[in-house]
A.B. asks: 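This is the structure I want to talk about, given as structure tokens.
Note that the coordinates shown come from a computational prediction; the quantities given were computed from them, not determined experimentally.
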Amino acid sequence: MKILILGYGGIAKALCQVLLPRGKVTVISRQSDLPSPITAIQANVIEAQSLDTILDKIENPVDLVINTLGFLHDDSWAPEKNLASCDPKHLMHAININTLPTMKLCQALQKHMPANSATKVICFSARVSSISDNRLGGWHSYRMSKCALNMLIKNIALEWSRSFKHAVICGYHPGTVATPLSAPFQANVKPEKLFTPEQAADYCLAVIDQITPKHSGQLLDWQGQIIAT
């Protein structure tokens with residue numbers, strides 16, 4: 001099994017460990033000193049104009065792709081609590097990380113996919129990207145960029161249903177995981193709902209094993225339940 005993971009944060013590291021027994025794992029990230037036997041490709045996917053040259057370096061076609069990239073906050077930006085605090089630069093930064101890598105990734109992937117490809121592509125999204133489930137508001141840039149990701153996933157799924165009938169692309173909500181992304185907000189999470197990266201990896205793998213082409217284009221949570229978008 002050939003596995004490609006984008007990013008090497010907390011969940012991605014745990015995913016590598018549970019996936020290594022299943023096959024060859026290649027990780028694209030800004031880090032180069034990943035532990036063996038992971039194959040590391042050092043690249044900044046956010047800045048890369050094309051992933052074609054990167055994918056040319058690995059064995060194709062890939063069986064499983066997991067995009068774990070995500071941006072909620074950093075030293076410069078915090079999730080917006082109201083409309084007045086919105087900044088176009090913040091929104092574009094969120095889109096550059098939360099949305100565009102999946103577009104670039106799938107553009108490159110499909111060039112290596114035969115018509116009978118059964119590739120599974122899992123893109124980390126979020127429950128707060130759901131329009132119908134939005135009852136609190138706020139977090140404008142994060143919600144919008146992940147909502148745009150959901151639409152992109154749906155569009156790709158529809159296109160691939162005609163050209164790659166056995167392939168699957170899904171959005172995935174891993175729950176709240178104890179990583180730096182959720183660190184400022186963990187105090188408001190019930191202990192039983194705050195997952196370790198290892199738990200999150202196990203839940204993600206269980207969902208991956210269950211999905212079929214009928215799930216393509218959907219947003220699934222860590223229990224495999226469909227989240228209305």
Side-chain angles (χ1 to χ4, degrees), residues 1-71 96-125 149 152-153 156-157 159-160 163-164 166-174 177 179 197 200-213 215-217 220:
M1 187 178 190
K2 290 164 287 187
I3 303 158
L4 177 64
I5 298 177
L6 266 65
Y8 196 62
I11 303 177
K13 291 177 183 178
L15 279 168
C16 286
Q17 296 308 308
V18 297
L19 287 168
L20 277 170
R22 297 196 177 199
K24 182 178 181 179
V25 176
T26 300
V27 172
I28 302 175
S29 79
R30 290 176 291 183
Q31 302 180 52
S32 60
D33 55 344
L34 274 57
S36 178
I38 299 170
T39 299
I41 298 178
Q42 187 177 20
N44 187 334
V45 178
I46 311 306
E47 296 179 355
Q49 294 301 309
S50 171
L51 285 176
D52 288 341
T53 55
I54 296 176
L55 262 66
D56 286 343
K57 299 177 182 178
I58 68 176
E59 186 180 352
N60 287 286
V62 180
D63 301 298
L64 172 63
V65 183
I66 307 176
N67 178 6
T68 68
L69 299 179
F71 167 75
N96 283 336
I97 299 175
N98 294 334
T99 313
L100 295 184
T102 293
M103 181 188 74
K104 298 176 184 179
L105 171 68
C106 291
Q107 285 175 329
L109 273 177
Q110 65 182 11
K111 295 178 182 179
H112 299 277
M113 291 166 56
N116 64 346
S117 172
T119 297
K120 291 182 177 181
V121 181
I122 309 300
C123 306
F124 277 28
S125 185
L149 172 63
L152 175 63
I153 290 169
I156 294 171
E159 184 172 335
W160 282 4
S163 50
F164 308 106
H166 305 292
V168 182
I169 179 169
C170 289
Y172 180 70
H173 168 60
V177 186
T179 65
D202 288 339
Y203 293 145
C204 183
L205 191 57
V207 172
I208 289 170
D209 287 340
Q210 294 174 5
I211 60 174
T212 67
H215 298 103
S216 201
L220 304 173

A.B. asks: Which of these, Val177, Ile66, Ile5, sits in a side chain to side chain contact (heavy atoms under 4.5 Å, CB included) with Ile11?
C.D. replies: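 When Val177, Ile66, Ile5 are each tested with Ile11, the side chain to side chain contact (heavy atoms under 4.5 Å, CB included) holds only for Val177.
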A.B. asks: Say you draw a straight line from NE2 of His215 to CD1 of Ile208; how long is it, rounded to the nearest 0.5 Å?
C.D. replies: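 Between His215 NE2 and Ile208 CD1, I get 13.0 Å after rounding to 0.5 Å.
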A.B. asks: Is there side-chain contact between Leu4 and Leu105, with at least one heavy-atom pair below 4.5 Å?
C.D. replies: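 A side-chain contact under 4.5 Å exists here.
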A.B. asks: At what distance, to the nearest 0.5 angstrom, does NZ of Lys24 lie from CG of Leu19?
C.D. replies: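 The NZ atom of Lys24 sits 15.0 Å away from the CG atom of Leu19.
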A.B. asks: Of all residues at least two apart in sequence or in a different chain, which pass the salt bridge (charged side-chain N to carboxylate O under 4.0 Å, His left out) check with Asp209?
C.D. replies: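 In terms of salt bridge (charged side-chain N to carboxylate O under 4.0 Å, His left out), with neighbours along the sequence ignored, Asp209 is linked to Arg22.
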A.B. asks: Taking Cys123 as the fixed residue, which of Thr68, Thr99, Ile153 is the one that meets the side chain to side chain contact (heavy atoms under 4.5 Å, CB included) rule?
C.D. replies: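 Result for side chain to side chain contact (heavy atoms under 4.5 Å, CB included) with Cys123: Ile153.
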A.B. asks: Nearest 0.5 Å please: distance from the SG atom of Cys170 over to the NZ atom of Lys120.
C.D. replies: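 That separation rounds to 9.0 Å.
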A.B. asks: Compare all side-chain heavy atoms of Pro114 with those of Pro61 and state whether any distance is below 4.5 angstrom.
C.D. replies: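 Heavy-atom side-chain distance check passes, below 4.5 Å.
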A.B. asks: Does some side-chain heavy atom of Trp160 sit less than 4.5 Å from a side-chain heavy atom of Ser216?
C.D. replies: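 No, side chains not in contact.
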A.B. asks: Not counting sequence neighbours, which residues clear side chain to side chain donor-acceptor pair (under 3.5 Å) with Lys111? List them please.
C.D. replies: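 For Lys111 the side chain to side chain donor-acceptor pair (under 3.5 Å) partners, ignoring immediate neighbours, are Asp52.
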A.B. asks: I need the minimum non-hydrogen distance between Phe124 and Cys204, along with the two atoms involved.
C.D. replies: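 Here Phe124 and Cys204 meet closest at CE1-SG, 4.2 Å.
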A.B. asks: Got a sec, which residues hit salt bridge (charged side-chain N to carboxylate O under 4.0 Å, His left out) with Arg30, two or more places apart in sequence or on another chain?
C.D. replies: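 If we apply the salt bridge (charged side-chain N to carboxylate O under 4.0 Å, His left out) test to Arg30, skipping adjacent residues, there are no hits.
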A.B. asks: Is the shortest side-chain heavy-atom distance between Met1 and Leu64 below 4.5 Å?
C.D. replies: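 Touching, per the 4.5 Å side-chain cut-off.
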A.B. asks: Hey, are the side chains of Ile58 and Ile28 touching, using non-hydrogen atoms and a 4.5 Å cut-off?
C.D. replies: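 Answer no - side chains too far apart.
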A.B. asks: Grab the two heavy atoms, one from Asp202 and one from Val18, that are nearest each other, plus how far apart they are.
C.D. replies: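 Shortest heavy-atom separation between Asp202 and Val18 comes out as OD1-CG1, 3.6 Å.
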A.B. asks: Test side-chain contact (heavy atoms from CB on, under 4.5 Å) on Leu149 and Thr102; report intermediate values, then the result.
C.D. replies: CA-CA 8 Å; Leu149 172 63; Thr102 293; 3.5 Å; yes
A.B. asks: Looking at every heavy atom in both His166 and Pro213, which two are closest together, and how far apart are they?
C.D. replies: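 In this case the closest contact between His166 and Pro213 is O-CG, 3.6 Å.
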A.B. asks: For Tyr8 and Cys16, which heavy atoms make the closest approach, and how far apart are they?
C.D. replies: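 Heavy atoms of Tyr8 and Cys16 come nearest at CE1-SG, 3.9 Å.
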A.B. asks: If we only count heavy atoms from C-beta on, is the Ser29 to Leu34 side-chain gap below 4.5 Å?
C.D. replies: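 Contact flag for Ser29/Leu34 side chains = yes.
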A.B. asks: List the atom of Gly7, the atom of Ala12, and the distance in Å for their closest heavy-atom pair.
C.D. replies: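 Scanning both residues, the minimum pair turns out to be O-CB, 3.4 Å.
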A.B. asks: Taking the side chain as C-beta and beyond, is there a heavy-atom pair between Lys2 and Thr26 under 4.5 Å?
C.D. replies: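 The answer is no, as the side chains (C-beta and beyond) never meet within the 4.5 Å cut-off.
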A.B. asks: Quick one, Leu69 with Leu6, criterion side-chain contact (heavy atoms from CB on, under 4.5 Å). Give me CA distance, side-chain angles, the key distance, then yes/no.
C.D. replies: CA-CA 6 Å; Leu69 299 179; Leu6 266 65; 4.3 Å; yes
A.B. asks: How many angstroms lie between atom OG of Ser117 and atom CD of Gln110, to the nearest 0.5 angstrom?
C.D. replies: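 Between Ser117 OG and Gln110 CD, I get 10.5 Å after rounding to 0.5 Å.
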A.B. asks: Is the backbone N or O of Ile46 less than 3.5 Å from a side-chain atom of Asn96, with the two atoms forming a donor-acceptor pair by type?
C.D. replies: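 Here the side-chain-to-backbone pair does not exist.
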A.B. asks: Flag the pair Asn67 / Val121 as yes when at least one side-chain heavy-atom distance between them is below 4.5 Å, and no otherwise.
C.D. replies: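 They are not in contact (no side-chain heavy atoms under 4.5 Å apart), so the answer is no.
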A.B. asks: Can you tell me if Lys57 uses its side chain to pair, donor with acceptor, with the backbone of Ile41 under 3.5 Å?
C.D. replies: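 Pair absent, no side-chain N/O of Lys57 close to backbone of Ile41.
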A.B. asks: Give the minimum heavy-atom separation between Tyr172 and Tyr203, together with the two atoms involved.
C.D. replies: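 Scanning both residues completely, I find the closest heavy atoms to be OH-C, 3.6 Å.
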A.B. asks: Checking the side chain of Thr119 only, and the main-chain atoms of Ala167 only, is there a donor and an acceptor separated by less than 3.5 Å?
C.D. replies: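 Checked: no pair found.
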